[in-house]
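Input: a single structure, listed below in structure tokens.
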Amino acid sequence: MKYNFSEIEQKWKQYWTDHNTYAVANTTDKPKHYVLDMFPYPSGAGLHVGHPLGYIASDIYARFKRMQGFNVLHPMGFDAFGLPAEQYALDTGQHPAVTTEKNIARYKEQLNNIGFNYDWSREVQTSDPKYYKWTQWIFSQLFHSWYNNKTQKAAPIADLITIFEQEGNAGYPSPKETEMFNAETWNAYDEAAKRHVLMQYRLAYLDYAEVWWCAALATVLANDEVVNGVSERGGHPVEKKKMRQWFLRITDYADNLLSSLDHLEWSEAMKEMQRNWIGKSEGAQIGFSIAGTDHSIEVFTTRPDTIFGVDFMVLAPEHELILDITTAAQKEAVESYITYVKSRSERERMAEKKISGCFTGAYAVHPFSGKQIPIWISEYVLAGYGTGAIMAVPSGDERDFAFANHFNIPITNIFGDHYTGEHAFTDKNVSIENSDFISGLSIAAATEAVLTAVAEKGIGKRTTNFRLRDAGFSRQRYWGEPFPIVYKNDIPYTIDEPELALQDADKTLPVLLPHVDTYKPGPNGEGPLANIDSFVHLTNSAGEILRRETNTMPGYAGSSWYFLRYMDPHNDTEFVGADTAQYWNQVDLYIGGTEHAVGHLLYSRFWTKVLYDLGHIGFNEPFKKLLNQGMIQGSSRFVYRLNTSINKSNKNTFTGQVTEDKGAINPLLPSVNPNDNPIIFVSESIAKKLRTKDDTEAKTIIDDFLTPINKGLSEKYNGKAVYISTEYIINAIHVDVSMVDGVELDIEQFKQWRAEYNNAEFILEDGKYICGAEVEKMSKSKYNVVNPDEIVAQYGADTFRMYEMFLGPIEMSKPWDTKGIEGVHRFLKKLWRLFFEEQQEQTQWLVVDEEPTKEELKALHKTIKKVADDIEKFSFNTTVSQFMIITNELHELKCHKRAILEPLVALLAPFAPHVAEELWQRLGHDTSVAAADFPKFEEQYITESAKLYPIAINGKHRTNMEFALDAATEAIEQEVLANEIVQKWLEGKPHKKIIFVKGKMINVIV
RNA sequence: GCGGGUGUGGUGAAAUUGGUAGACACGCUAGACUUAGGAUCUAGUGCCGCGAGGCAUGGGGGUUCGAGUCCCUCCACCCGCACCA
């Protein structure tokens, strides 16, 4: 009986659905394990073979853990809100809800096709009101919370109000600088004033701030959604714009987010990316007074020890004091420099390497020496970092050094002989010189001394700076979660607050996203919701007309907490039940790509920490272990088209320069009638020769290969010769990989691809058309996308799953090669033949109940050990190899014994669940193999009594000899020396020494 | 520039952590069975050499009886960050 994978897989998929095989209970005696895939956004393009790589790995791991006796939570759902669906709606008029639903259905179908053991009863979709009700609820929690720096925890804002009422804010300065007030003042504030103050503390707060505005997308973007000065999605230009926006005060958690990274089992690269993004730097803030004014400028420095090396000061062009301090003489120059900076896009400023700047005419006064320090402005100082002002120490900082040189500012040397005048001296293992009271001190000691001194003078203090900014949380878009916020007298309240006095129907969550027919932006940069009067305006029980927040939440809102909802997806009264959350706890294994390093992974850590601080969950990190799968790259195929046209003058000339113009249509022949233009494709090796820069050789090839063809074509084209373009000989054109078998083109299929190719001519090699190949990103435009559905149809899901794992280590990127899948498919067929006689039409069951031999047991237990160890190491490629090895071994041993094959089927079940189920059933079981126990490894079967030792002479391997493991060393040495081959290499010389490593090797030194 | 990672056959890759480099596959070459083969099986396949043998894990140096693995140094590629004070 043949291995009929499509029948088998069909049957078991149905069985799993019918029997709810993968349903997971929240109450059980078993220990829990939580295996999670990163939330997919269901794009219109569907899955390609690169996407399931991580899903397969997590599926194997989840199945393995389950067979080991764990209660395994392994859910799947969809991040369904987001910009692409809305852009698509703008383009096509289809409602995002409709396209999203369609895309999700397609994704689910593709996922199910691969045989994943998801508990679909736990599926969540962020755009489902039952889900976003709780996203809104968490937002309310953030709104009604503040970060207490004394306890280092988030706490209810009500606690803060109590504090203010009793003692004012003296002990609790706000994260942004607000006025200090006592209890009396606070109690005298009116509602608006109180609310205004509280807004400075809330974890979700409204603020006028510079945000990244993307005009093309008509929305603001978060810092991590802007990459290299353009929007991450779509690559549109962005600009800074001051807007009133919601923010999340993630900066309060900067230290916590940074320090708890150390305890996570994440890759170093991933942790580094987060550390980088958080960007902690410790230093000091020091105030410099400005000569002849009352102003002083705060600078941030990480090197207070270099304070006597300050030669000038630089302010960001956006610094607010610039106009106040600039002298009349410099006013014009400064203003024109600021205008110049404003005219430049963020992208240009980032790319700029040229030094520019402008002197303000003002001088700061050195706090210790009293020296006059010129104040400059320059775009290399960033307004958003530190205080937007620096003290420049050219002898100790490269950029300051370059700036001083460019503008001829004299440089003070504070490093003695270490500073040569050629470069800044940035080494940190020296003592400071020429620096008054800190001369001779080490950097650390000098830093302490300066910090003490500035503190005594009251002009400076130790500070820590973060690169991390608070997260913008408003989007001027339709397809997202509405805020549970209503404004009264321009003060925002959550809908349940009594001050609003909303009618019952309006004060409970969720705030539903209204249906719209158009997605045009609203007035004044507001989102589409602002156009819907019935949504925006609502009347409270006092008859007042109030206004809703019209922005929606960003894409990361729903994905910041989804892993919690899977635990308890149908809970109507809580976002997750407390006991349930306690049971499932952290995600034990989280698998996904590296692209979420600083976005999703940082926000979900932040949300988790807040929910923990507020007592809603019992853990403060969401993802214990993180595994990043590599990308599967596409393997593109090319055909090589000759640039030809009919030569009107009937001459066959070639004077060409040989150029490759990959993927482009010949630019020289834009609008010729295809009938006038014979299309000729040459096979790869010919194209390669034609691509040579040697014109003479190219000519010869053209004569050899093309003249005969030319004759034939001439007849077709009324006797005219074919003319080879003098500019470009060939174009390499991407060809759809589905029309290529390995590298051989299916010419007939290719001809049908595009009308103009119907009559194309092909110049073959060895009777075949061979395509060129290159590894590129898998993408539609490169025609190298491979759809898993096609692979599953051709080879089956089990083969597909094992092949993806077999490709190499999970975290490495590697190209897809459809050809290679045959090896894995052959393996499964070979495995099948251990159970069935394939040649016979009828079921010919080969399995017997005989006692297994020592050798067979050894093969089995070696495999049990290897599989279990490797799965724990996520080394799935070597596990697949081991399955191949034991299958080959059992065939050699002609072993068809149940005692061996039954455990083997169980071992295989996580990898190839369909065929494992089928064989398991044929072996006489009436329950799913998923419920079977993972086979137990027994040491006794693999212990050996003898070892075939490699014998080396002077470290070079020469022969092998077998010895009992308990043989005496002397006896072995004697026997080795007596060995013929050893004798030969000794060449009669006496041996110096014998290195004998028991169980490993023997080395004879001459 | 800084940080992280990777370099092993024609290709994807193994190597119990210092002990027989290239397991397992793809591809390729022969052959067998076949009307046929995109089925199956057998043999071969790192490079040089007829051979004995020699050379081989990005390059160079070192430690060691022994190095893909440890140390130093240089190079290439990939990813992230980047006037971050």
Side-chain angles (χ1 to χ4, degrees), chain A residues 2 227-228 267-277 279-281 283 299-303 306 314 316 349-353 355 378-382 384-393 396-400 402-403 465-467 594-595 597-598 628 630-631 635 741-743 773 794 803 806-809 811-827 829-830 833 838-839 865-866 869 875 877-885 887-888 891 948-960 992-997 999-1006:
Chain A
K2 276 217 160 108
V227 176
N228 296 329
S267 71
E268 211 35 55
M270 213 62 172
K271 290 185 190 179
E272 267 313 305
M273 277 188 237
Q274 291 223 337
R275 287 190 193 112
N276 240 319
W277 189 258
K280 181 178 185 173
S281 56
V299 300
F300 174 72
T301 177
T302 54
R303 293 287 302 273
T306 62
V314 188
R349 282 181 68 174
M350 284 201 288
E352 184 59 71
K353 291 279 176 272
I355 298 163
S378 173
E379 63 177 337
Y380 87 86
V381 174
L382 305 177
Y385 186 77
T387 59
I390 62 161
M391 55 176 226
V393 182
D397 181 281
E398 289 294 351
R399 282 158 316 148
D400 297 347
F403 192 86
N465 224 331
F466 293 95
R467 201 190 79 113
T594 52
E595 67 273 17
V598 292
N628 299 114
M631 261 201 316
S635 185
D741 179 25
V743 287
Q794 202 176 348
Y803 182 55
F806 186 63
L807 278 174
E811 60 275 67
M812 296 291 197
S813 290
K814 54 241 151 187
W816 175 262
D817 171 24
T818 302
K819 244 345 202 195
I821 201 168
E822 309 254 347
V824 175
H825 192 60
R826 253 172 237 156
F827 148 70
K829 283 197 285 192
K830 197 165 180 180
R833 291 200 305 273
E838 204 179 26
Q839 299 308 102
K865 184 170 166 52
K866 178 99 179 130
D869 289 355
S875 175
N877 54 328
T878 51
T879 316
V880 177
S881 294
Q882 185 56 39
F883 282 123
M884 291 174 170
I885 291 168
T887 303
N888 291 344
H891 266 285
L948 187 68
Y949 283 92
I951 312 293
I953 317 290
N954 284 339
K956 277 204 195 317
H957 175 230
R958 296 298 177 190
T959 184
N960 299 311
K992 221 192 237 163
K993 191 161 137 193
I994 296 179
I995 315 268
F996 170 64
V997 186
K1000 295 273 189 197
M1001 47 74 68
I1002 297 162
N1003 189 6
V1004 182
I1005 313 301
V1006 187

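Chain letters run A, B, ... following the sequence lines, proteins first and then strands; every chain starts at 1.
Distances were taken from every side-chain heavy atom of A:Q794 (C-beta onward) to each of B:G38, B:C41, B:C24; the shortest belongs to B:G38. Here B:C65 is the nucleotide among B:C65, B:C55, B:A85 with the atom lying nearest to any side-chain atom of A:I1005. With B:G27, B:G4, B:C83 as the candidates, the nucleotide lying closest to the side chain of A:Y380 is B:C83. Here the side chain of A:S281 is nearest to one of B:A13, B:A85, B:C81, namely B:A85. Nearest nucleotide to the A:S881 side chain, out of B:A14, B:C24, B:U20: B:C24. Comparing B:C84, B:A15, B:G12 by their nearest atom to the side chain of A:R399 picks out B:C84. Taking only side-chain atoms of A:K829, from C-beta outward, the nucleotide of B:A39, B:C81, B:C24 with the closest atom is B:A39. Nearest nucleotide to the side chain of A:K819, out of B:G27, B:G12, B:G3: B:G27. Nearest nucleotide to the A:K814 side chain, out of B:G12, B:G19, B:U20: B:G12. The side chain of A:E272 lies closest to B:G4, out of B:G4, B:U20, B:A85.
For the P atom pair drawn from B:C50 and B:G59, the interatomic distance equals 26 Å after rounding to whole Å. To the nearest whole angstrom, the two C1' atoms, one in B:U34 and one in B:C41, are 12 Å apart. Between B:A21 and B:U57, the distance separating the two P atoms is 12 Å to the nearest Å. Comparing the C1' positions of B:G4 and B:G10 gives an interatomic distance of 31 Å, to the nearest angstrom. Nucleotides B:G54 and B:G58 place their P atoms 22 Å apart, quoted to the nearest Å. Comparing the P positions of B:U69 and B:C83 gives a spacing of 38 Å, expressed to the nearest Å. Using P as the reference atom, B:A76 and B:A85 are 28 Å apart when rounded to the nearest Å. Taking the P atoms as reference points, B:U64 lies 29 Å from B:G9, given to the whole Å.
One finds a side-chain N or O of A:R467 lying less than 4.0 angstrom from the OP1 or OP2 phosphate oxygen of B:A82. Contact check, A:N888 against B:A25: a side-chain N or O comes under 4.0 Å of OP1 or OP2.
With RNA chain B read from its 5' end, the first of the two nearest nucleotides for A:T387 and A:R958 is the one closest to A:R958. Mapped onto RNA chain B by nearest heavy atom, A:I995 and A:M1001 fall at different nucleotides, with A:M1001 at the one closer to the 5' end.
Contact annotation: the side chain of A:S281 never approaches that of A:F466 to less than 4.5 Å [non-hydrogen atoms, C-beta and beyond]. Put simply, the side chain of A:R275 reaches to within 4.5 Å of the side chain of A:E268, judged on heavy atoms. Looking at heavy atoms from C-beta onward, A:K830 lies in side-chain contact with A:N888 at the 4.5 angstrom threshold. At least one side-chain heavy atom of A:I390 sits less than 4.5 Å from a side-chain heavy atom of A:D400. A:T878 places a side-chain heavy atom less than 4.5 Å from the side chain of A:K866.
Put simply, the side chain of A:N276 and the base of B:C81 share no donor and acceptor less than 3.5 Å apart.
For the pair A:E822 CD and B:C26 C1', the computed distance is 9 Å after rounding to whole Å. The nearest whole Å value for the distance from the CD atom in A:E595 to the P atom in B:G4 is 22 Å. The distance from atom CD of A:E811 to atom P of B:C78 is 20 Å, rounded to the nearest whole Å. To the nearest angstrom, C1' of B:U20 lies 4 Å from NE2 of A:H957. As a whole-Å value, the separation of A:I1002 CD1 from B:G19 P is 16 Å. Distance CG (A:N877) to P (B:C24): 15 Å, rounded to an integer number of Å. Put simply, CD on A:E398 is 11 Å from P on B:C2, counting in whole angstrom units. Rounded to whole Å, atom P of B:C77 lies 18 Å from atom CE of A:M812.
Between A:N954 and A:I1005, the shortest heavy-atom contact is OD1-CA, 3.5 Å.
The pair A:D817-A:K819 does not count as a salt bridge, with every side-chain nitrogen at least 4.0 angstrom from each carboxylate oxygen.
A:V381 comes within 4.0 angstrom of a base, heavy atoms only. Looking at heavy-atom distances under 4.0 Å, A:P809 makes contact with sugar-phosphate atoms alone, never a base. Among the heavy atoms of the strands lying under 4.0 Å from A:R826 are primed sugar atoms or P, OP1, OP2 only; no base atom is included. Counting any heavy atom pair closer than 4.0 Å across all strands shown, A:K830 reaches sugar-phosphate atoms only and no base atom. In this structure, A:D869 reaches neither bases nor backbone, as no heavy-atom distance under 4.0 Å exists between it and the strands shown.
When only modelled atom types and interatomic distance are considered, A:K993 and A:N1003 share no side-chain donor-acceptor pair under 3.5 Å.
Stems are defined here as 3 or more consecutive Watson-Crick or G-U wobble pairs with pairing distances under 3.5 Å; those involving RNA chain B are B:1-7 with B:75-81, B:10-12 with B:24-26, B:27-32 with B:40-45, B:46-48 with B:53-55, B:58-62 with B:70-74.
Applying the 90° criterion around 0 to the glycosidic angle, B:U17 comes out syn. An anti base is found at B:G66: its glycosidic angle is more than 90° from 0.
The aromatic rings of A:Y949 and A:F996 sit tilted relative to each other, their planes meeting at an angle between 30° and 60°. Under the 30°/60° scheme for interplanar angles, the aromatic rings of A:W816 and A:Y803 are found to stand perpendicular.
Of the possible polar contacts, one joining the A:K814 side chain to the A:P809 backbone as a donor-acceptor pair under 3.5 Å is found.
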